[in-house]
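To keep things clear, I will list the structure first and then write my remarks on it.
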4 protein chains.
Amino acid sequence: MMEARTARGRPRNSAIDARILGATREALARGGYHAVSMEAVAHAAGVGKQSLYRRWPRKPLLVFDAAFGGPIGDRAFAVDTGSLAGDIGAVLTDLEHLFAHRATTDVMRGILADALGEADTLQQLRERFMWPRLHLLDALIERGRARGEVGPNVTVQNVADTLLGAMLGHYLIIGRTSGTFASELARIVARGVSVRR
Amino acid sequence: MMEARTARGRPRNSAIDARILGATREALARGGYHAVSMEAVAHAAGVGKQSLYRRWPRKPLLVFDAAFGGPIGDRAFAVDTGSLAGDIGAVLTDLEHLFAHRATTDVMRGILADALGEADTLQQLRERFMWPRLHLLDALIERGRARGEVGPNVTVQNVADTLLGAMLGHYLIIGRTSGTFASELARIVARGVSVRR
Amino acid sequence: MMEARTARGRPRNSAIDARILGATREALARGGYHAVSMEAVAHAAGVGKQSLYRRWPRKPLLVFDAAFGGPIGDRAFAVDTGSLAGDIGAVLTDLEHLFAHRATTDVMRGILADALGEADTLQQLRERFMWPRLHLLDALIERGRARGEVGPNVTVQNVADTLLGAMLGHYLIIGRTSGTFASELARIVARGVSVRR
Amino acid sequence: MMEARTARGRPRNSAIDARILGATREALARGGYHAVSMEAVAHAAGVGKQSLYRRWPRKPLLVFDAAFGGPIGDRAFAVDTGSLAGDIGAVLTDLEHLFAHRATTDVMRGILADALGEADTLQQLRERFMWPRLHLLDALIERGRARGEVGPNVTVQNVADTLLGAMLGHYLIIGRTSGTFASELARIVARGVSVRR
DNA sequence: TTGTAACCGAGACGGTACGTCACGTCTTAAT
DNA sequence: ATTAAGACGTGACGTACCGTCTCGGTTACAA
C-alpha cells in the first residue's frame with residue numbers, strides 16, 4: 001500500500017506486509033482495537049518495529065488498512081440503480097450493514113480516537129481512505145444531477161458529506177440506537193435535494 | 001455539575017470546582033487540548049489529583065465542562081422562530097459559528113479522541129452532555145410536527161441525529177471545507193422531512 | 001492502650017477499640033499485612049479515621065497491638081529453669097515457634113517495613129513493645145550472672161541484644177532456612193558468655 | 001551489576017548505569033533515603049523511567065547498589081588473620097565502623113523498609129546482595145573449622161547468620177546504643193563455637 | 001439547665017510516589 | 001538499504017494511602 005520503490009539496497013520483503021496485516025487482524029479479532037499496539041503487532045508478526053513504521057507510519061492507518069483495506073467498502077459506493085433515491089438507499093443500506101457489527105464500530109471508533117488526536121494523522125486518514133470513497137459518493141450524486149433529479153442551490157459535496165457525516169455521527173458518536181436511521185436518512189436527503197415538483 | 005449532596009461527611013468545597021475549571025480553561029487557551037493533562041490541571045489548580053478525579057473521572061468530561069459546560073451551547077438549541085425551517089436554520093447557523101473557530105474544533109476533536117477510545121467514557125459524555133442537548137433538538141422538531149410541518153414516516157430522533165451527526169461528521173471528521181454546509185444541510189433536511197404538498 | 005483520661009468532654013467508647021482491633025485482625029487473616037490500611041480498617045470497623053488515629057497514631061503500632069498485643073510474647077521471656085543455658089534455650093524455643101508461622105513473620109516484616117521508614121515510629125515501636133520485652137531478657141541474664149554463670153567482660157544488654165537481634169535478623173531479614181538456628185544460637189551464646197572453667 | 005549481554009537488539013548504554021547511580025548517590029547525600037524516588041532519580045539522571053526500571057526493578061535494589069555496590073563491603077568479609085577469633089573480630093570491627101555512621105544506617109533502614117514490604121523484592125535483595133556476602137562469612141568460619149577451631153554440633157551457616165543477623169538486629173532495629181556490642185558479640189560467638197578445652 | 005469540650009461517622013482534602021503503558025526514534029549486528 | 005531485536009527519552013495514566021481537616025451530630029461532666 002506504500003509508495004514506489006527506489007531499487008537501491010536490499011529490497012523490501014513483501015511477505016512482511018502480509019505478516020503485519022495478519023497479526024493486526026488477529027489482534028483486532030482477539031481484543032478489539034484496544035489489543036492493537038504497534039509493539040504488540042511487531043512482536044506477534046516477528047517483525048522489527050522499524051519495519052512496521054516504514055510501511056505504516058501511524059497506527060490508525062495500519063488498522064484501517066488491516067480492517068477495511070483493499071476494495072472493501074468501495075463496493076458500497078459503487079452502485080447504480082438508475083435513480084438517485086435508489087442509489088442513496090442502496091449505499092446507506094450497505095453502510096448500515098457495516099455499522100451493525102459491534103466489532104466494526106469498535107474498530108472505527110478506535111481509529112478515529114487515535115486519528116482525531118493528531119492533526120496530521122487525521123489528514124492522512126482523510127486523504128488515503130475517506131476522501132477517495134467520498135469521491136465515489138460525489139460521482140453518484142453528480143449522476144443524479146445529470147439526470148435532472150437534483151435541484152439548484154444544492155452542492156454535490158455537501159450532500160455527500162451529509163450522508164457519510166450523519167452516518168458517522170449517528171453510529172460512532174451519538175449512539176442513540178435506532179433501527180430506522182439509515183433508511184430515513186436516505187429518504188429525507190433524497191427528497192430534500194430533489195427539484196421542486 | 002455534580003449531583004445532590006448527601007450531607008454526610010465533609011462537604012465538597014465548590015471553590016475547588018471553580019479552580020479546576022479555571023486551570024483547565026487556562027491550559028486550553030495556552031496550548032489547546034494537548035496542553036491539558038489531569039496532572040497539570042491538578043497542579044495548576046493547587047489541588048490533589050484525587051479531588052479532581054472525584055469530580056471528573058475522565059479528562060474528556062472535564063474538558064467538555066470547562067469548554068462548553070453550563071448553559072453554553074444549550075442556547076443554540078433553544079430557539080423558536082415559528083417555523084420548522086426557521087428553527088433548524090437558526091440552530092445550524094449557531095452551531096456553524098461554534099464550529100468556525102479552529103480552537104473550538106481542536107478542543108472538540110480532542111474530547112472525542114479520548115472519549116472514543118474508552119467505551120464507558122464515551123457513554124458518560126453522551127449521557128451528560130450530548131443527549132440532553134439532543135433532547136432540545138428533539139423537542140424543536142416535535143414542535144414542528146405538532147404544527148403539521150413534519151410528514152409521516154419521519155422519526156423525530158432520527159432527524160435530530162441527522163442534524164447534529166452531520167455537523168459533527170462534516171466539521172470534525174471529514175474535513176472537506178465548505179462555506180455552505182450548514183445552510184444547505186438545514187435546507188435539505190427541512191424540505192426532506194416536510195409533508196408532501 | 002493509651003494514656004490517662006482528662007475526664008473532660010465525652011469519654012472514649014472502649015467498644016470502639018475492640019472493633020478496630022477486630023477489624024485489623026480480620027484484615028491480617030484475610031490478606032496479611034498488605035491488606036491492612038488505616039482506611040480499610042476504619043471502614044471495616046465502621047469507625048471514623050479520626051477515632052482510629054486518636055488511639056493508634058501509626059499503623060505499625062496498631063498492627064503490633066492487634067497481632068502481638070496483650071501479654072502475648074511476654075510469656076516467652078518469663079521463664080525460670082534454674083540455669084542460664086536452660087532459660088536461654090527455653091526463650092529461643094518459644095520464639096522459634098512464633099517465627100515458624102509464615103503468617104507471623106509476614107506481619108512482623110510488615111510492621112518493621114513501615115516502622116523502619118519513619119524514625120519516630122520506629123522509636124515508639126521500640127519503647128512500647130520491644131524494649132519492655134528486652135528488659136525481661138536482661139533480667140533473665142542478670143539472674144544468671146547472680147548465680148555466677150556469666151563471665152566478666154560480658155554486658156547483660158549486649159547478650160540480650162544478641163539473642164533477640166540474631167533471631168530478628170535471621171528470620172525476618174536474612175531468610176536462609178535452617179531448622180537448627182534457634183537451638184544452636186542458644187547453645188553458642190550460653191557457652192560464649194559462661195565463665196571460663 | 002547486570003547479567004551477560006545477549007547481543008540481540010540495541011545494547012544497553014553503560015553510561016546510563018553510571019548516570020543513574022550517580023544521581024542516586026547525589027540524592028542520598030542530599031536528603032538520605034527519603035530523598036530518593038525512582039521518579040526523581042530518573043529525572044535527575046536525564047533518563048526515562050523505563051530505562052531505570054529495566055536495570056533496577058525496585059528501589060531498594062537500586063539504592064543498595066548505589067550505596068554499597070561494587071566490592072565495597074565485600075572487603076569487610078575478606079580477611080584472614082590466621083585464627084577464627086581474629087577473623088570474626090576483624091569482620092565485626094569493620095561492620096561496626098560501617099554501622100557507626102548515621103547516614104549509613106539511615107540508608108540501610110530505608111532499603112530494608114521498602115524490601116521487607118514486598119516479598120519478592122526482599123528475596124532479590126537477599127540473593128543479589130546479602131547472601132553473596134554471607135557466603136564469604138561462611139567460608140571464613142569454614143576455614144576455622146578446617147583448622148580445628150570449631151566444635152562439633154555447630155553449623156557454619158548458623159554462625160554466619162548469628163553474626164550478621166545480630167549486627168543488623170542490634171543496629172537497625174533494636175537501637176539500644178552500646179559502644180561494646182560488636183566486640184562482645186565477636187568474643188561471645190568465637191568462644192561459643194570453639195571446641196571444648 | 002446550660003455550656004463546653006471531647007467524642008463520633010463520614011468523607012473531602014493536598015500530597016507523594018508508585019509502576020505501567022505505548023509512543024516513535026535510535027542503535028546494533030547481520031543479511 | 002533492509003531486517004529482527006530491543007534500548008531509549010518522553011509523557012501521562014489512574015491508583016493507593018497517607019495524615020489532616022471539616023462537617024453535623026452526640027455524650028457527659030461542670031457550672
Side-chain angles (χ1 to χ4, degrees), chain A residues 5-13 16 36-43 45-55 57-59 114 117-118, chain B residues 5-13 16 34 36-40 42-43 45-55 57-59 114 118, chain C residues 5-13 15-16 34 36-43 45-55 57-59 114 117-118, chain D residues 5-13 16 34 36-40 42-43 45-55 57-59 114 118:
Chain A
R5 305 290 326 297
T6 36
R8 293 276 300 177
R10 175 173 173 177
R12 291 227 184 121
N13 180 350
I16 291 177
V36 178
S37 77
M38 297 302 258
E39 309 222 61
V41 167
H43 186 265
V47 149
K49 285 171 79 173
Q50 203 65 272
S51 300
L52 209 170
Y53 277 99
R54 215 174 278 132
R55 291 164 168 80
R58 302 291 151 182
K59 178 156 69 151
D114 283 355
E118 272 203 309
Chain B
R5 300 294 329 300
T6 33
R8 303 280 294 187
R10 178 175 175 177
R12 296 244 176 103
N13 180 352
I16 290 177
H34 181 71
V36 178
S37 80
M38 298 300 262
E39 212 134 38
H43 184 265
V47 151
K49 282 173 90 172
Q50 205 68 273
S51 297
L52 210 170
Y53 278 99
R54 215 175 278 133
R55 287 145 221 259
R58 302 290 151 181
K59 179 156 67 150
D114 283 355
E118 272 202 306
Chain C
R5 301 289 327 295
T6 35
R8 292 280 299 179
R10 176 176 176 177
R12 294 242 178 104
N13 179 351
I16 290 178
H34 180 72
V36 179
S37 77
M38 296 303 258
E39 310 221 61
V41 167
H43 185 265
V47 150
K49 285 172 80 172
Q50 203 65 273
S51 300
L52 209 170
Y53 277 99
R54 216 175 276 130
R55 291 164 169 80
R58 301 292 151 180
K59 178 157 68 148
D114 284 356
E118 271 203 309
Chain D
R5 300 293 328 299
T6 34
R8 304 277 295 185
R10 176 175 176 176
R12 296 244 175 104
N13 180 350
I16 290 178
H34 180 71
V36 178
S37 80
M38 297 301 262
E39 212 134 38
H43 185 265
V47 150
K49 280 173 92 172
Q50 206 66 274
S51 297
L52 209 170
Y53 277 99
R54 214 175 281 135
R55 287 147 221 261
R58 301 291 151 179
K59 180 156 67 151
D114 283 357
E118 272 201 307

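Here is the naming used below: chain letters follow the sequence lines, and residue numbers restart at 1 for every chain.
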Open item on the list: Could you check whether the side chain of B:K49 and the base of E:dG14 have a donor-acceptor pair of N or O atoms closer than 3.5 Å, going by distance alone?
Closed with: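 No.
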Proximal nucleotide (of [options]) relative to the [X] side chain:
| X | options | answer |
| --- | --- | --- |
| B:Q50 | E:dT20, F:dC8, F:dC17 | F:dC17 |
| D:I16 | F:dC8, E:dG15, F:dG14 | F:dC8 |
| A:E39 | F:dC18, E:dG15, E:dA22 | E:dA22 |
| B:E118 | F:dG14, F:dG6, F:dT26 | F:dG14 |
| B:V47 | F:dC8, E:dC18, E:dG14 | E:dG14 |
| A:R54 | F:dT26, F:dT3, E:dG24 | F:dT3 |
| B:R10 | F:dT3, E:dA12, F:dC18 | E:dA12 |

Open item on the list: By nearest heavy atom, map D:H34 and C:G48 onto DNA chain E; which one lands nearer the 5' end?
Closed with: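 It is C:G48 whose nearest nucleotide is closer to the 5' end.
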- [ ] Please figure out whether D:A40 or A:S37 has its closest DNA chain E nucleotide nearer the 5' end.
- [x]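 Nearest nucleotide further toward 5': that of D:A40.
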Open item on the list: Quick check: closest heavy atoms across C:A15 and C:N13, and the distance to 0.1 Å?
Closed with: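 Smallest interatomic distance, heavy atoms only, reads N-OD1, 2.9 Å.
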Task: Smallest separation among heavy atoms of A:R55 and A:P57, with atom names - done: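 Of all heavy-atom pairs spanning A:R55 and A:P57, the closest is O-CD, 3.8 Å.
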Taking only N and O in the side chain of [X], is any of them less than 4.0 Å away from OP1 or OP2 of [N]?
| X | N | value |
| --- | --- | --- |
| C:R12 | E:dC7 | yes |
| B:S51 | E:dG14 | yes |
| C:R55 | E:dC8 | yes |

Task: Min side-chain heavy-atom separation C:R58-C:D114 under 4.5 Å - done: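 They are not in contact (no side-chain heavy atoms under 4.5 Å apart), so the answer is no.
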Task: Test side chain to side chain contact (heavy atoms under 4.5 Å, CB included) applied to C:A42 - qualifying residues, sequence neighbours left out - done: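 Applying side chain to side chain contact (heavy atoms under 4.5 Å, CB included) to C:A42 gives C:K49, C:L52.
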Open item on the list: Rounding to an integer number of Å, can you tell me how far A:N13 CG sits from E:dA30 C1'?
Closed with: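 Those two atoms, CG and C1', are 15 Å apart.
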